[in-house]
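Below is one structure, written out as structure tokens, with a few remarks after it.
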Amino acid sequence: MFSSPTVRVSFLFLGIALVALLFADIAITAANPWKDLGRFFLGVVTPDFFSSEGVAVALLRTVAFAFVGVALGSLCGFALSLVYRNPIVRTFCAFIRAIHELFWALIFLQFFGFHPLTGVLAIAIPYSGIFAKVYSEILEEADPVPGRLLPPGTSTISRFLYTRIPDCWVQLRTYTAYRLECGLRSSAILGFVGLPTLGFFLESAFSQGHYSEAGAMLILFYVVIATMPLWVRPRLLPIYVLGAPFFLGEGLPIVWGNVERFFTQDIVPSPIRNGEGFSGLLTWLNDVMVTEALPGIWNTLVLTQIALVATGIIALLAFPLISAHFGGPVRRTGGHIFLVVVRSTPEYILAYILLQLWGPSMLPAVIALALHNGGIIGHLIGRQTSAIRLRPDAPIGFNRYTYELVPRVYRSFLAFLFYRWEIIMRETAILGILGIYTLGFYVDSAIQNIQFDRAMILIVITALLNIGIDVLGRFIRRKLALQTMPTC
């Protein structure tokens with residue numbers, strides 16, 4: 001068994017996670033966590049859909065921000081995908097997608113304020129980098145033969161529009177629709193920084209102990225995502241995209257002087273602003289690294305590695321819930337509902353809920369990251385196993401799971417898991433805003449203290465760390481010859 005490279009790599013990451021546990025802050029610090037958890041579940045099963053008139057407006061604005069942000073991101077991403085082979089373009093796209101939507105929102109809040117443009121750009125910019133990467137991969141895989149059959153002298157643009165785009169159209173459309181679902185989750189959590197989306201009202205309901213109201217918001221959010229195939233139709237998309245900007249709200253007016261000051265003063269390192277010279281800048285950078293960056297990087301890496309392995313465990317336990325080779329249709333229906341809920345709930349919202357119930361530690365973050373990402377991978381692997389045809393004398397029960405199905409899908413499982421590695425890192429960093437000592441905690445603290453220069457340095461470090469994990473993940477996938485596909 002240990003002669004297999006995939007098994008050796010799996011045990012290596014398991015060992016790293018076990019060592020990381022020794023340094024992790026894993027605890028339940030709330031006075032009565034199980035009572036609070038019971039109250040929350042009671043609120044979910046007794047939702048109050050009429051407690052607040054603002055919930056419907058928040059849900060509408062959540063959808064509007066998602067449509068505008070994803071539409072803008074897809075257009076820019078498609079344009080970038082055409083020149084993605086350029087190393088400068090690839091590096092630029094890798095950088096902008098490595099910064100989480102909430103970090104972008106925190107940046108734009110400093111000079112745009114609570115204006116709809118803040119939320120739209122916070123989604124559109126990282127999504128542009130994501131779309132550029134995925135669209136370029138899809139276009140590169142297009143069949144080149146139809147283009148060669150066109151008459152000599154046909155322009156490059158005509159070849160592209162009449163041969164390559166039609167060949168890739170289904171994949172482009174499918175991925176864009178999937179990214180819209182991701183955009184809804186991104187839009188929802190923008191409310192936690194003050195924008196008028198679902199997260200804003202959810203945070204208010206929890207802080208006041210209105211669990212039935214919070215349960216109603218979550219249920220409505222799940223319904224919106226689960227019913228997307230019914231209301232997101234190709235013929236209606238132009239109407240949605242053109243109408244969505246009118247439902248973003250007005251917000252506060254933009255003070256353009258703040259924009260100029262942000263780029264010319266606020267993010268300029270304080271030693272340079274104060275004329276302290278190069279020696280002062282080195283001292284300042286050393287202080288940022290020692291007191292904020294290095295502790296943040298360490299905690300981010302520790303939490304990421306624990307959450308990565310926990311994600312893998314959840315995925316392996318979850319995929320039988322929807323696999324056609326286990327149980328009947330009733331159990332599979334229940335499994336589908338469970339996986340829809342866990343994969344549709346943004347990690348940030350789930351971590352926020354668990355932090356309110358269990359108190360501040362890494363445990364809520366680990367559970368939130370593992371459930372969300374494990375639900376996504378478990379869903380994908382479960383669908384893959386359903387398509388496997390078993391031999392007539394195949395074992396049943398636990399032996400079917402361990403000896404028949406897991407070995408046949410394990411490479412795909414690892415491919416999905418290592419793809420999610422960089423995404424888990426992005427989410428781990430941003431969860432620091434909730435009080436966990438990852439990089440996001442120090443970014444948020446710097447912004448709260450009006451130290452935007454320190455915040456920008458930490459955000460750049462976060463992006464470089466994410467890029468490093470992405471490069472390492474692709475290297476491992478390539479060494480193990482793991483086939484990958486994009487997931488949100």
Next on the checklist: Atom CZ of residue position Phe338 - does it have more than 12 heavy atoms of other residues, nucleotides or ligands inside 6.0 Å?
Outcome noted: no

Next on the checklist: Treating Asp444 as the side-chain partner and Gly440 as the backbone partner, does any N or O pair qualify as donor plus acceptor under 3.5 Å?
Outcome noted: no

Item to check | Check: Phe416 ring centroid to Phe413 ring centroid under 6.0 Å | outcome: no

Checklist entry - Can you say whether the rings of Tyr178 and Tyr175 are parallel (under 30°), tilted (30 to 60°) or perpendicular (over 60°)? => result tilted

Checklist entry - When the ring centroid of Phe206 is compared with that of Tyr211, is the distance short of 6.0 Å? => result yes

Checklist entry - Below 6.0 angstrom between ring centroids: does that apply to Phe111 and Phe452? => result no

Item to check | Donor-acceptor pair between Thr385 and Ser323 side chains, under 3.5 angstrom | outcome: yes

Item to check | Main-chain N/O of Asn373 paired to Arg343 side chain as donor or acceptor, under 3.5 Å | outcome: no

Checklist entry - Stepwise, does the ring pair (Phe, Tyr, Trp, His ring centres under 6.0 Å) test hold for Phe114 with Phe200? => result CA-CA 12 Å; Phe114 294 103; Phe200 178 82; 8.7 Å; no

Next on the checklist: Can you see whether Ser10 engages Tyr410 through a side-chain donor-acceptor pair at a distance of less than 3.5 angstrom?
Outcome noted: yes

Next on the checklist: Taking Leu350's backbone N and O only, do any of them form a donor-acceptor pair with Thr345's side chain (distance below 3.5 Å, no angle check)?
Outcome noted: no

Next on the checklist: Counting the benzene-type ring for Trp, do Phe13 and Phe418 have ring centres under 6.0 Å apart?
Outcome noted: yes

Next on the checklist: Whether the side chain of Tyr127 engages the backbone of Cys182 through a donor-acceptor N/O pair (distance < 3.5 Å, no angle test) should be reported.
Outcome noted: yes

Next on the checklist: So does Gln265 get a backbone contact from the side chain of Arg273, meaning a donor-acceptor N/O pair under 3.5 Å?
Outcome noted: yes

Next on the checklist: When you measure from the side chain of Gln208 to the backbone of Ser204, do you find a donor-acceptor pair of N or O atoms at a distance under 3.5 Å?
Outcome noted: yes

Item to check | Whether over 12 other heavy atoms sit under 6.0 Å from Leu22 CG | outcome: yes

Item to check | Donor-acceptor contact below 3.5 Å, side chain Ser187 vs main chain Gly183 | outcome: no

Checklist entry - Between the side chains of Thr176 and Tyr135, is a donor N or O closer than 3.5 angstrom to an acceptor N or O? => result yes

Checklist entry - Would one find more than 12 heavy atoms of other residues, nucleotides or ligands at under 6.0 Å from atom CZ of Phe108? => result yes

Item to check | For Ile219 against Val44, the heavy-atom pair lying closest together | outcome: CD1-O, 3.4 Å

Checklist entry - Is the side chain of Trp104 donor-acceptor paired with the backbone N or O of Ile99 at a distance under 3.5 Å, no angle test? => result yes

Item to check | Under-4.0 Å salt bridge between Glu422 and Arg474 | outcome: no

Checklist entry - Are Tyr352 and Phe192 an aromatic pair by the rule of ring centers under 6.0 Å? => result yes

Checklist entry - Between Asp287 and Thr283, is there a donor-acceptor pair closer than 3.5 Å when you use the side chain of the first and the backbone of the second? => result no

Item to check | Flag if over 12 foreign heavy atoms under 6.0 Å of OH, Tyr222 | outcome: yes

Item to check | Side chain Asn299, main chain Tyr437, donor-acceptor under 3.5 Å | outcome: yes

